[in-house]
Amino acid sequence: MIDSVYLVQPRIAHGPHVPCDDSLRGRRIERIARAGKQVRISLSGGWTLVVHLGMTGRLIVTAADESPAKHTHLRIAFRGEPVELRFCDPRRFGGVWLVDGNPDEAKGWIGRRIPPVAADPLRISLAQWRKLIARPRQIKALLLDQNPLSGVGNIYCDEALHRAGIHPLTRAADLSPAASRKLYHALRRVLTEAIALGGSSVSDYRNAQGAPGQFQTRHRVYGREGQPCRRCRTPIIRLVVAGRGTHICPKCQRLR
DNA sequence: CGCATTTCCTGGAGGC
DNA sequence: TGCCTCCAGGAAATGC
């Protein structure tokens with residue numbers, strides 16, 4: 001049961017309600033689920049605390065008496081339990097939203113809106129996938145856009161495109177049925193494997209216990225500029241696509 | 001509609 | 001050692 005709430009940096013909180021003693025004291029955490037890139041913490045009374053880690057955000061459970069790490073923006077303490085749930089985010093691209101009811105239908109707004117949550121690549125069929133990506137857009141820009149498809153970020157996008165042998169600038173609608181199917185399976189494999197290994201800790205990511213992920217050791221292109229492609233030994237190159245650093249093997253991922 | 005650019009923010013890296 | 005500049009990126013806003 002939540003006992004006290006300290007919003008150290010109010011600017012990271014958005015939505016209809018502000019996390020504070022008055023709004024959260026006495027509520028219990030009933031369920032924690034992932035939705036796209038968000039962590040949704042369901043509380044008693046039908047409220048939900050939505051957390052987006054952005055790039056450098058962390059949700060950590062620590063001893064209540066441990067001095068807070070730099071850039072700790074939210075601290076939640078529990079009655080009779082010597083632990084705190086803390087949200088830390090040095091670059092503040094993440095955020096928290098406290099909503100009364102369904103986060104997807106929240107009304108009455110303070111600050112940023114909750115990023116969209118649409119179809120999850122791990123929960124759609126190949127037929128649904130084909131429909132969603134049949135658009136005249138760069139495949140990388142489409143995968144990073146959370147509106148048609150949610151949960152794919154820069155690392156897993158690059159990794160999936162390499163495994164499928166697809167250039168990030170390819171027009172999604174121009175992908176052959178075989179290439180589209182290949183990408184569907186490659187993306188699902190990358191996400192499944194990354195989740196199993198606890199994510200990619202390139203710089204900041206840590207899980208709730210403070211441990212880093214291990215998927216970065218399986219990266220085939222991301223962060224490997226100049227190093228040999230694990231399939232054909234050609235040096236990995238870096239370009240910018242959709243405003244993001246993009247890593248490809250120029251031989252395995254040809255345009256056209 | 002698509003797409004490039006800018007903005008938010010800080011730590012780490014590189015240059016001098 | 002210290003100061004400066006640049007860069008990383010999730011997602012929204014802006015302009016074409």
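Everything numeric here is computed off the predicted structure, so don't read it as measured data. Here is how names work: the chains are called A, B, and so on, in the same order as the sequence lines, proteins then strands, and each is numbered from 1. Below, all heavy atoms of this structure are taken into account, side chains as well, without hydrogens, waters or symmetry copies.
Distance CH2 (A:W97) to C1' (C:dA12): 11 Å, rounded to an integer number of Å. Regarding A:N154, its CG atom lies at a distance of 13 Å from the C1' atom of C:dA11, rounded to whole Å. Between A:Q38 atom CD and C:dA11 atom P there is a gap of 8 Å when expressed in whole angstrom units. Here the P atom of nucleotide B:dC3 and the CG atom of A:N147 are 15 Å apart, to the nearest Å. Between the CZ atom of A:R238 and the C1' atom of C:dC7 there is a distance of 8 Å, given to the nearest Å. What separates CG of A:D145 from C1' of C:dG10 is a distance of 12 Å, to the nearest Å. Across the protein-nucleic acid pair, A:L143 atom CG and B:dC3 atom C1' stand 16 Å apart, rounded to whole Å. We find that CG of A:L144 is positioned 15 Å from P of C:dA8, with the value rounded to whole Å.
Heavy-atom minimum distance, A:V240 versus A:T246: C-OG1, 4.3 Å. Nearest heavy-atom pair across A:A179 and A:I166 is O-CD1, 3.7 Å.
Side chain of A:D89 to main chain of A:T72: no donor-acceptor pair is present (N/O by atom type, distance under 3.5 Å, no hydrogens or angles).
Each of A:L169 and A:F93 has a nearest nucleotide on DNA chain B; the 5'-most of these lies closest to A:L169.
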#### Entry: Intermediate values then yes/no, salt bridge (charged side-chain N to carboxylate O under 4.0 Å, His left out), A:D158 and A:K140
CA-CA 8 Å; A:D158 280 9; A:K140 171 145 182 170; 2.6 Å; yes

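Here A:R244 does not reach the OP1 or OP2 of C:dA11: none of its side-chain N or O atoms lies under 4.0 Å away. Taking side-chain N and O atoms only, A:Y156 has no distance below 4.0 Å to OP1 or OP2 of C:dG10. Between A:K37 and the phosphate of C:dA11, there is a side-chain N or O to OP1/OP2 separation shorter than 4.0 Å. Remark: A:R92 is in phosphate contact with B:dT10, judged by side-chain N or O atoms under 4.0 Å from OP1 or OP2. Contact annotation: A:H71 side-chain N/O to B:dG11 OP1/OP2 distance is under 4.0 Å. A close approach under 4.0 Å does occur between a side-chain nitrogen or oxygen of A:Q138 and OP1 or OP2 of B:dA4. Residue A:Q146 places none of its side-chain N or O atoms closer than 4.0 Å to OP1 or OP2 of C:dG10. Of the side-chain N and O atoms in A:H52, one or more sit less than 4.0 angstrom from OP1 or OP2 of C:dA11.
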Can you name the atoms? Protein N/O to nucleotides 12-15 of chain B N/O, anything below 3.5 Å, with the distance.
none

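Of the candidates A:L122, A:I124, A:V117, A:L122 is the only one forming a side-chain contact (heavy atoms from CB on, under 4.5 Å) with A:D120.
Taking the six-membered ring where tryptophan is involved, the planes of A:Y184 and A:W129 are tilted, since the angle between them lies from 30° to 60°.
Between the side chain of A:R112 and the base of C:dA13 there is no donor-acceptor pair of N/O atoms closer than 3.5 Å.
Counting any heavy atom pair closer than 4.0 Å across all strands shown, A:R11 reaches sugar-phosphate atoms only and no base atom. At the heavy-atom level, A:K140 lies nowhere under 4.0 Å from the strands shown.
The aromatic ring centres of A:H17 and A:W47 sit less than 6.0 Å apart.
Note on A:L98 and A:I29: same hydrophobic cluster, where clusters join Ile, Leu, Val, Met, Phe, Trp and Tyr whose side-chain heavy atoms are under 4.5 Å apart, directly or indirectly.
In the set C:dA8, B:dC3, B:dG11, the nucleotide with an atom closest to the side chain of A:K70 is B:dG11.
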